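Just so it is clear, the structure is predicted and the values come from calculations on it, not from any experiment. Proteins come first, then strands; the chains are lettered A, B, ... in the order of their sequence lines, and each starts at number 1.
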Amino acid sequence: MRVTNGMIMNTTLNSINSNMVSMSKLYAQMTTGKKIQTVSDDPIIAGRAMKLKVTVLEAKQYESNTKEGTSWLGATETALTNMTKILDTIRDKCLYAANGTLTAEDKSILKTDIEELYEQLKQEVNATYGGRYIFSGYKTNEPMTYIKETTLDEIFNIDKDYNISAGTTVVAGSTILTGCTLSGGTELEANTILKDGTVLGNGTVLGSGTVLNNETVLGDGTVIGEGTTIPAGTELNTGSILGKGTNLPAGTVLPEGTVILAQNAVDAGLMAAPIPTDVTTYTVPVGGETIGADILLDGNVILKGDMAVQAGTVAGGKTQLVGDETKLGGPMTSQGETVVQGTTTLKGDTTFTSATVLNGKTVLLNDLTPGTNMVVGGGTTLVKGSILGIGTTLPKGALNLNIYGKISGDEINYEIGVGSIINVNTVGMDEVVNDLTKHMEEIINTVNGALGEDAVYNSDELYALFDSKIVAMDDALSSVTLKMTQVGSRVSRLEYVQSRLTDDITNFKELLSEIEDIDVEEVYVDFTSQYATYQAALQATSKVIMNTLADYI
Amino acid sequence: MAFFELNIAMSGLFAAQRGLQVTSNNITNASTKGYSRQVLSQKADTPLTGLGVGMTGTGVATTGVNRLRNSYLDTKIWNQNAKLGQYNVKVTQNSIIESVYGEPSDSGYTKVYDGLFSSLSTLSTDPTSNGGKIAVREKIISFSQYYNNIAAALEGYQKDLNLEIKTTVEEINSLGARIQSLNKQIFEAEMYGDEASSFRDERDLCIDRLSQIIDVEASENEVEVNGNTVKRFSVKIAGQPLVDHLSLNVLELEVRGETEGKIDKLVEQLKGQYKDLKANPGDSTIQAEIAKLQAQLLKVDDGVKIATDGTVTFTNNKKEIITVLSLDAAGEAQTTTAGTGKYNETAVDGLYQITWSNGLDFDMTSNQLSGELKGLIDMRGGFGTNADVSSYKGIAYYRERMNNYVRIFAKTMNEEYSKDKQGRIIIEELKSKTLASGTYVDNVGYVSHDGDENYTFYDLDGKEINGLSDEDKKELSGMYTTKYKLLSCATGNTKNTPTGGKELMGDYSAMTANNFTISLEIFSNVSQMRTTYDSSNPSDTSFMLNLLAQKDNRGMFKEGTPTDYMIGIFSELGINATEAKMYQSTQESVTNYLVQQRLSVSQVNTSEEFSYLIKYQQAYQAAAKVMNTIDGIYETTIFKLGNF
């Protein structure tokens with residue numbers, strides 16, 4: 001074939017160019033340290049490298065979440081440890097008080113100590129992490145116990161028995177209940193309709209106008225309010241009391257021991273004496289009675305019917321206000337375990353002291369004169385279904401109503417892997433605090449009651465109280481310890497996850513490097529040999545195209 | 001026969017001189033592009049006979065100067081050149097698109113995508129943190145800007161390619177004109193029998209270039225004209241004649257949608273006239289006006305047809321027949337727009353459509369088309385699957401893929417972001433509506449669906465709305481937007497400020513990668529960002545975790561997770577670029593080989609020419625020597641033998 005200078009030039013230029021292309025590729029690999037510079041260099045490597053990069057970045061984020069979770073759990077652990085110490089100390093105090101003879105001074109010091117410890121405990125349950133309350137479930141913006149006196153600005157329904165802290169002022173609310181299964185001791189509002197198959201436990205109190213449907217079973221000691229319609233087939237158990245105006249159709253079975261109050265419209269009565277054991281033979285007194293001022297009601301008194309209790313009445317221990325429209329003129333002071341039932345009207349400034357049980361839905365508060373507040377004694381239990389009206393104030397340290405009973409199952413989860421989460425928060429402290437509130441208030445009230453000259457409680461009662469509280473403290477301790485164990489096991493899981501993530505990151509990085517990084521030695525050798533070729537090509541070119549025949553003629 | 005020898009010597013001198021001329025012309029043109037070496041052909045001149053001593057030679061005769069050229073190789077090169085041109089463009093343009101994405105990189109997609117989800121993950125560990133919300137806001141903005149920037153760059157490249165198509169068409173036209181004028185020069189020069197080598201070289205050079213731009217079919221035919229044989233040269237591009245001997249057809253560009261715009265305008269006027277005609281039946285002025293408008297319409301485009309009943313139809317570039325104006329029984333005119341002229345709605349405005357000036361159809365979509373022009377058309381409008389424009393994966397395809405990504409991603413994220421704890425999507429109240437089936441639907445407040453098809457609608461109280469047919473559900477599914485939005489779009493003048501997002505109905509078609517952005521609600525008030533299902537449970541992490549789970553949602557795209565989808569785009573692009581590079585390098589070696597062969601035949605080799613130089617020089621010297629000898633002989637004869 002005929003070859004021209006131009007052809008040689010073209011060929012050499014092409015070869016030099018392809019040399020340069022290889023050199024430039026190797027040069028880019030050397031300077032960037034990466035096998036590929038663009039996706040088109042190797043689409044498969046590029047795709048794989050990108051996926052791995054996402055995985056590495058993801059793992060880093062999971063690692064940071066894991067650290068965050070560990071810190072949260074650390075804060076939880078600290079708070080729980082502190083609580084255990086406090087509970088231990090309280091338990092020691094109880095043990096000490098249950099076994100020794102205490103002077104008035106001892107009692108006073110004991111009370112102050114326990115109050116202080118209790119105060120500290122309430123602060124511990126308000127522990128925060130990064131400004132968030134760690135025991136408050138999802139409601140991390142709310143403390144578990146109020147950090148200042150709080151006034152309700154809307155009606156609040158109590159859906160779990162709530163133990164009141166000292167200093168609570170309650171305002172009446174209202175409620176409507178439809179059929180449900182009720183445990184013993186429940187009080188039903190007037191006009192409540194109970195559907196078929198409702199089972200009422202022992203001691204249930206039914207309000208006026210309650211309609212009972214077929215097959216309702218009323219437990220022992222059921223009190224049935226005025227105007228209640230009892231359909232045929234209803235079974236009333238022993239000890240039931242039927243209020244006035246109760247409609248008993250044919251076929252109702254009234255067992256022995258049922259108390260039927262007089263059908264009289266002005267039926268009311270004062271049982272000034274303890275209830276006789278044999279109620280079937282008891283004759284109910286007729287006619288409204290007024291209890292005058294400053295009358296002392298002894299323990300075990302039952303007030304029935306439309307009683308008007310004048311101001312200054314003192315209800316002794318275990319007084320029962322059972323009347324449908326008992327009126328307490330207030331200020332009335334009740335002591336001991338006063339039980340208030342029915343649609344009792346409590347007038348302003350009524351004060352209930354220790355261990356008052358406000359039964360049922362606290363219907364007694366319905367007719368409270370507006371603008372007046374009732375201070376409910378510490379340790380009082382607001383039974384499920386109670387309603388707190390607008391303006392009710394709860395003192396600093398009281399269990400937060402928004403939290404209590406509303407955070408079970410509120411698991412705060414952190415993402416620590418693809419599709420893998422861990423629960424970092426601890427719920428259930430609200431129950432512990434609620435229980436403790438009852439016990440602590442009881443201790444404080446009782447010790448208060450045992451102080452001074454007109455002490456209500458004697459030393460034996462005090463020993464018995466502390467003795468029983470040792471068990472209560474043990475219960476509280478065991479539930480806190482259980483939570484600590486759970487936290488501990490989660491911390492160790494996180495530690496494991498974190499070390500695994502660190503390994504993962506290293507592994508992924510290694511893999512990524514294997515995929516996209518060059519083998520420096522290899523590339524360098526390639527580069528050197530390519531460079532040598534390039535040099536040779538240049539040299540050859542210079543020789544080939546330098547001379548023509550013209551140089552020799 | 002006196003002095004006959006002098007004539008013989010003289011012919012030798014002349015021949016050597018011409019040889020030297022040809023050689024020096026070759027040497028001086030050694031580096032001229034497209035130049036073919038020329039050779040002098042010579043033969044022994046007609047000998048004298050009848051002397052009885054045998055035929056006597058009469059010297060040398062030069063018969064012509066011809067270029068050495070193999071037209072078979074030319075044809076081959078021209079055939080291969082088009083493919084090379086096409087892949088050259090594709091390699092360049094694919095690399096440009098690749099550089100827009102800039103992958104693989106530590107600061108590209110992986111960074112913005114992970115940035116977004118890492119910020120959400122961090123926020124999930126403390127949903128109440130305002131700092132966390134601000135971080136998410138910033139990450140959403142950079143995520144959306146990543147798409148905006150790429151989309152804007154791709155849009156810019158589509159415009160650039162459009163301009164390049166214009167330039168290329170102009171180059172075709174100017175090459176056509178040049179070939180036409182060379183045809184004339186060659187025709188005139190060769191009329192007297194001499195080969196117009198330089199002109200031919202130049203013409204071949206023009207076709208070399210033309211064949212890179214577009215597929216070329218060149219042929220030279222001999223035609224008898226008045227007893228003379230003349231050569232006629234014609235060039236066809238894309239199957240149609242560009243130059244046919246002395247006549248030239250040029251390509252023209254029209255802006256897509258321009259014709260449609262003109263038609264729409266005229267049809268609207270026509271509609272007005274028909275309305276007037278209905279008010280004044282038989283008015284001759286109006287009838288004349290209608291006739292005038294119809295005449296104008298026919299002039300706008302060949303695709304416009306007017307039936308005898310007045311119906312106007314328009315056949316557009318895509319061969320769709322649109323009835324732009326029809327008359328009902330009452331003589332009332334109904335009009336339809338002639339369309340935007342776009343081949344796909346993603347395309348930027350003002351794309352060029354190529355046509356022949358003589359009205360012939362230039363089929364831009366043809367598979368036969370090749371060359372740089374085809375490369376440009378493919379890259380500009382290649383839509384992947386839609387054979388309407390080009391089935392190549394060009395800029396239009398990547399733009400559409402990006403749009404599809406942001407639409408599906410934004411829709412899925414917004415729906416997750418707007419869900420309630422029961423998993424129903426809270427929607428912006430869907431007002432009362434009578435559906436296709438006649439069902440009347442009152443306010444709809446919630447929607448749920450699994451994947452795409454099975455929709456359930458709930459009223460404002462969360463009760464399921466029953467009695468909806470599949471058709472109804474489909475209709476309703478295109479009519480809601482989520483109540484809460486994470487992502488939205490910016491439109492018109494508010495390029496950097498998001499809109500409220502009410503236009504994001506159904507398939508989010510109002511959203512593109514260009515206008516994709518953060519939602520207005522988060523943009524303007526970051527503390528309003530939704531981080532839990534219920535604001536009274538600020539640390540309920542399940543909301544954030546569900547949102548985070550979208551990161552690895554394999555069902556979001558049919559390609560898998562959002563990352564899979566994007567990697568899919570990058571890989572496709574990479575594979576296309578690799579493929580183009582591969583074809584380019586194959587084609588390059590094929591054409592290089594052919595070019596070398598052509599050079600082997602036609603290129604000047606200086607050494608060779610120098611040897612010719614010596615050859616002719618020596619021939620000249622030899623002839624001169626003969627002359628000298630003869631001169632001596634005559635001197636002897638005349639001066640020594642004579643007796644003057």
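Proximity to chain A is limited to the side chain of Asn592(B), based on heavy atoms less than 4.5 angstrom apart. Residue Val3(A) touches chain B through its backbone alone, counting heavy-atom pairs closer than 4.5 Å. Of the atoms belonging to Glu572(B), not a single heavy atom falls under 4.5 Å from chain A. For a residue to count as touching a neighbouring chain, one of its non-hydrogen atoms must lie under 4.5 Å from one of that chain's; by this rule Ser611(B) touches chain A with backbone and side chain alike. Only the side chain of Glu68(A) comes within contact range of chain B, judged by heavy atoms closer than 4.5 Å. Residue contact with chain B, scored on non-hydrogen atoms closer than 4.5 Å, is absent for Ile8(A). Proximity to chain A is limited to the side chain of Ile614(B), based on heavy atoms less than 4.5 angstrom apart. For Leu545(B), the part sitting under 4.5 Å from any heavy atom of chain A is the side chain, from C-beta outward, and nothing else. Contact of Glu142(A) with chain B is not made at all, since no heavy-atom distance falls under 4.5 Å. Using a 4.5 Å cut-off between heavy atoms, Asp540(B) touches chain A through backbone and side chain atoms alike. The part of Thr563(B) that comes within reach of chain A is its side chain, from C-beta onward, which places non-hydrogen atoms under 4.5 angstrom from that chain. For Gln603(B), the parts lying under 4.5 angstrom from a heavy atom of chain A are both the backbone and the side chain. For Phe117(B), no part sits under 4.5 Å from any heavy atom of chain A, backbone or side chain.
Nearest approach of Gln61(A) to Ser118(B), heavy atoms of both residues: OE1-CB, 3.2 Å. The nearest pair of heavy atoms linking Ser40(A) to Thr578(B) is O-OG1, 2.8 Å. Scanning all heavy atoms of the two residues, the minimum distance from Ser571(B) to Pro43(A) falls at O-CB, 4.0 Å. Of all heavy-atom pairs between Thr110(B) and Lys53(A), the closest is CG2-CB, 4.1 Å. Taking both residues in full, the closest heavy atoms of Ser602(B) and Arg2(A) are given as N-NH1, 4.4 Å, listed atom of the first, atom of the second, then distance. Smallest separation of non-hydrogen atoms from Thr125(B) and Tyr414(A): O-OH, 2.6 Å.
Looking at Ile36(A) and Pro104(B), their side chains come closer than 4.5 Å, going by heavy atoms from C-beta outward. A heavy-atom distance below 4.5 Å is found between the side chains of Lys551(B) and Glu58(A). Proximity of Thr128(B) to Thr140(A): side-chain heavy atoms (C-beta onward) are separated by under 4.5 Å at one or more points. Considering only heavy atoms from C-beta on, Leu599(B) comes within 4.5 Å of Asn10(A) through its side chain.
Shown are Pro127(B), Ser539(B), Ser124(B); of these, the side chain to side chain contact (heavy atoms under 4.5 Å, CB included) with Ile412(A) is made only by Ser539(B).
Checking side-chain atoms of Thr541(B) against main-chain N and O of Asn413(A) turns up a donor-acceptor pair under 3.5 Å. The closest donor-acceptor contact from the side chain of Glu103(B) to the backbone of Val39(A) lies at 3.5 Å or more, if one exists at all.
The OG1 atom of Thr4(A) sits 10.5 Å away from atom CD of Glu609(B), with the distance rounded to the nearest 0.5 Å. Taken from OH in Tyr138(A) to OH in Tyr533(B), the straight-line distance is 10.0 Å, to the nearest 0.5 Å.
More than 12 heavy atoms of other shown residues, nucleotides or ligands fall within 6.0 angstrom of atom NZ in Lys133(B). Around NZ of Lys509(A), the count of heavy atoms belonging to other residues, nucleotides or ligands within 6.0 Å does not exceed 12.
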Test log, rule salt bridge (charged side-chain N to carboxylate O under 4.0 Å, His left out), inputs Lys51(A) and Asp564(B): CA-CA 8 Å; Lys51(A) 273 202 161 175; Asp564(B) 290 340; 2.9 Å; yes

Between Asn5(A) and Ser607(B), is a side-chain hydrogen bond (donor to acceptor under 3.5 Å, both in side chains) present by the stated rule, with each step listed? CA-CA 8 Å; Asn5(A) 308 61; Ser607(B) 298; 4.6 Å; no

